[in-house]
Structure formats: C-alpha cells, structure tokens
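What you see below is based on every heavy atom in this structure, not just the backbone, and it leaves out hydrogens, waters and symmetry mates. Every value quoted in this text rests on a predicted model; they were computed, and no experiment measured them.
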2 protein chains.
Amino acid sequence: MEKKDTKQIILDEALDLFAVNGYDGVAVADIANAVGIKASSLYKHYKGKQDIFDCILEKTAERYNEMAGRLGIDGNISERDAAQYSGMSTETLVETGTALFMYFLHDDYARKFRRMLTIEQYKNEAASKLYTEQYMDSPIVYQSSIFKVFIEQGKMKNVDAKVAAVHFYSPMFLMLCLCDSCPEHEPSALEFIRQHITQFSKLYMEGKIL
Amino acid sequence: MEKKDTKQIILDEALDLFAVNGYDGVAVADIANAVGIKASSLYKHYKGKQDIFDCILEKTAERYNEMAGRLGIDGNISERDAAQYSGMSTETLVETGTALFMYFLHDDYARKFRRMLTIEQYKNEAASKLYTEQYMDSPIVYQSSIFKVFIEQGKMKNVDAKVAAVHFYSPMFLMLCLCDSCPEHEPSALEFIRQHITQFSKLYMEGKIL
DNA sequence: GTCTATAAGAAGATAGAC
DNA sequence: GTCTATCTTCTTATAGAC
C-alpha cells in the first residue's frame, strides 16, 4: 500500500535517465537516487544495471507485440480492419493520422523509449531491431495495407502502395525526430503534419470518389 | 613524414568510436589504443576527452558551413542556382536525388558524424543544433527553394513548396536512419529511393511541361 | 527491503623520465 | 611526443547489520 511497486519504479526512473544520457551515461547510483533508495538496495530487485536495461527492453517489446497483434500490424491487414477502413474519408484520414502522430509524440513512455532506442541502436542489436521494427517496418507495412484497400476501392490513385505509405509516414517520422531533439518545435510540427496530410490527400486522391 | 598528423588521426579514431558507443561509452584509453599510442600521450595533443569531442563538432561544423555557403543552403536559393535548376528534367531530379542520398549514405565521415550526433543529441545542445540543422532544416529549406522555382516555371503543380520538399526529402531521411541502424538494408533502400522519386515526379509533375 | 561499509576495478588526468 | 608510474574519483557490485 505504501509503495506502488519499487521494482516497476526502478524501471521507470531508469528509462527516464537512459532516454537522455544513454546506458553508459547513467550510473546505478543515479537510478537509485531517482527512486529514493541507495544503490545497494537496487540489487535486491535486479541483478545489475544490464538486467534493468534488458527488462525495459523486454517489457516494452511485450507491450508492443500485444498492441501490434490487436491492430494486425504484423503482416497483412485483417478482413475486419479492411472493412473498418472502407468507410474512411479524407477528413478521417487527417484525423486518424494526426491522432497517431500525437500519440507517438506526447505519450511520455513511448517518447522516452524511442529516445533510448535511438541512442542505443548502434551498439545494441536488440535495440536496433526494436527501433527499425517499431518506427519503420511496422508503420509502413500497416499503412501499406490500408492504402491497398483504398486503391482496390478506387479511393486512391493506382500507385505503389508501399511508396504511398512511406510518403504518408516518413514526414511524421522526421517530425518526431525533430521534436524529440527540440521539443520547442512541437506546435509548428503539429501544424505542419496537418498541411502534409491535406496535401497528401490532394495528390493521391484528387479526382477520386470520396 | 613518418606520421601523417597524429592530432588529426586522434579525431578520426575518436569519431569512429563515438559513432558506435557514444561519448560515455568510449574511454580515453580506447581512443589512444586505436591510434597506437598510450592514453597519457594523448594529453599532449588535446586537453582531454571533452576537448576531443568539441574539436570534432567544431571542425565538422566548419566544413559543413563552407559547403552550405557554396550551395546557398542558408536561406533562399541564389539567382545562379535558380538558373541552374531551370533546365532540370524529371530524370535529372531522380539522378540528383539519388546522388545526394548516396553521398549521405556512403561517405564514411558523413555517416559516422551523423551517427555520433544521433547518439549525443539529447544530452548535448550543440549536437542537437547541428543534428536538426544538417539533417532537417537545411535539406528542407534547400529543396523548398528548388521547388519554388519549379512551381514558378510551371514544371510542378501549384502546391505548398515546403510540404513538397518534405515529401521529397523525408523518405530519404527515413531510409538513412534505417541504413545507419541496419546496413544490410542498403540495397533495398537504394532501390526504394528510386521508386520514391519516380512516384514523387508523377504525383507532383504529371500533366506539367517537362 | 533498506541501510552502511567496503571491495575491486575502471576511468580521466597529471608528473616526470627519456 | 611517447612512455611508465601514479593520483583521484567514479562505478559496479557484494557483505552483513537492522
């Protein structure tokens, strides 16, 4: 009752520090200090610093796979999802797009985790895999699936769906990277994403049935 | 004659290590070892580890500003450049685009420096500024200037030039990030960039005078 | 589960011989 | 300019009292 869950708090505070300073830039004492305990106490919960890092990676990967499974991001879009998107207009595309962007941008945990992966990707193979999977492969595969449905329905010009998916997603990725580096650019980035999606719709759906 | 320039070699080897392990992940002894001297000898060339890092940042920023100045990346495109691009066809756009991408991707020094900035951006303000300037602001401003000329000349649809610039550049940025993380994706990324530019041309220049 | 104390080693930097 | 030797501090991790 007194303490929520020290083991979880350690992971949260560690991620908070890793997301800025990287694994090597954080001392076990720093994590312990953030939690409000001494470094030695921390070893009652985890084997060591590497164990903490690995647990963050493992837990978040689990959480992600659950979500991805529900959304059908893994591979082809499901029949159910296709039906769901069949009624989508340009306006809802803009709304859905910005909402997804907002989530990626403002969800505190998602942001920290993305930053940590960004820092660690070149020296840690697991981090590299998660980074490319979550921020590149999956969004593109998912968006491609949606656009394939759009094209079949004649809502969208008959172009390569994957290229269209990258045209839709990569500006969001770039703005995410920008805002992660300079949070003061968030308002203009958000406004820009709206312009982007609007122009995207014009280019890809002009003259099409909406 | 015997040694090219120890002071420069130190910077090169340090960058090589920083680009993978980050500043905190590299010991002064590691750098010295890569150079082929002892750690203590290194202090005859630089004040310390931070000095080495700062010198890499400073030297590369200088080199970049020189290049940017010549290309007129800073702000508006020059009259001379506008004239240069006025004769550009879709084919040359594809070629110029892929060439620029190839340079960013395969230039050894550019790649290492980009990786180092990627790692250090969240805890180092100077790194953050250089990162956003070199890989976001400048390419977009530069590409916008070119597209403004295209639009004036009626070569391109009358859309927002900045959004078009991001549509052109952001897929390259995403593929750069991908290849920096997983170099094995280079061949497919290169092929994809060709598809991207082709589709971009169709969307933005279809029905226009070429 | 948290603390103090402490071991054992790594890391940044300096002094001084050659 | 490079070396060996050394200093000091930081860092991970363990032992054992409470």
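The shortest distance between the side-chain N/O atoms of A:S41 and the OP1/OP2 oxygens of C:dG1 is not below 4.0 Å. In this model, the phosphate group of D:dA13 is approached by a side-chain N or O of A:Y43 to a distance below 4.0 Å at OP1 or OP2.
Nucleic acid contact for B:K49: sugar-phosphate only, since backbone atoms but no base atoms lie under 4.0 Å from a heavy atom of the residue. Among the protein residues, A:V35 comes within range of no part of the nucleic acid, since none of its heavy atoms lies under 4.0 Å from any strand.
Atom-to-atom, CG of A:L42 to P of C:dT2 comes out at 9 Å; the value is rounded to the nearest Å. Put simply, CD on A:Q50 is 17 Å from P on D:dT11, counting in whole angstrom units. D:dG1 atom P lies 9 Å from atom NZ of B:K7, rounded to whole Å. Per the geometry, CD1 belonging to B:I9 stands 12 Å off P belonging to D:dG1, to the nearest Å. Atom P of nucleotide C:dG1 and atom CD of A:Q8 are separated by 14 Å, given to the nearest angstrom. Distance B:N33 CG to C:dA11 P: 12 Å, rounded to the nearest Å. Following rounding to the nearest Å, B:Y46 (OH) and D:dT2 (P) show an atom-to-atom distance of 12 Å. Nucleotide C:dC3 holds its P atom 7 Å from the NZ atom of A:K38, rounded to whole Å.
Within the 3.5 Å criterion, the main-chain N or O of B:H185 finds a donor-acceptor partner in the side chain of B:S188.
A salt bridge links B:K123 with B:D24: at least one charged nitrogen is closer than 4.0 Å to a carboxylate oxygen.
A cation-pi arrangement is found for A:K7 relative to A:Y46, the charged atom lying closer than 6.0 Å to the ring centre and inside a 45° cone about the ring normal.
Counting only heavy atoms from C-beta on, A:V28 has its side chain closest to D:dT12 among C:dA13, C:dC3, D:dT12.
Between B:A39 and A:D30, it is B:A39 whose nearest contact on DNA chain D lies nearer the 5' terminus. Heavy-atom distances to DNA chain D give each of A:K44 and B:H45 a nearest nucleotide, and the one nearer the 5′ end belongs to B:H45.
A:Y23 places a side-chain heavy atom less than 4.5 Å from the side chain of A:E120.
Contact annotation: side chain of B:S40 to base of D:dT4, donor-acceptor pair present below 3.5 Å.
In summary, of the residues considered (B:Y169, B:F200, B:Y204), a ring-ring contact (aromatic ring centres under 6.0 Å, His included) with B:F147 occurs for B:F200 alone.
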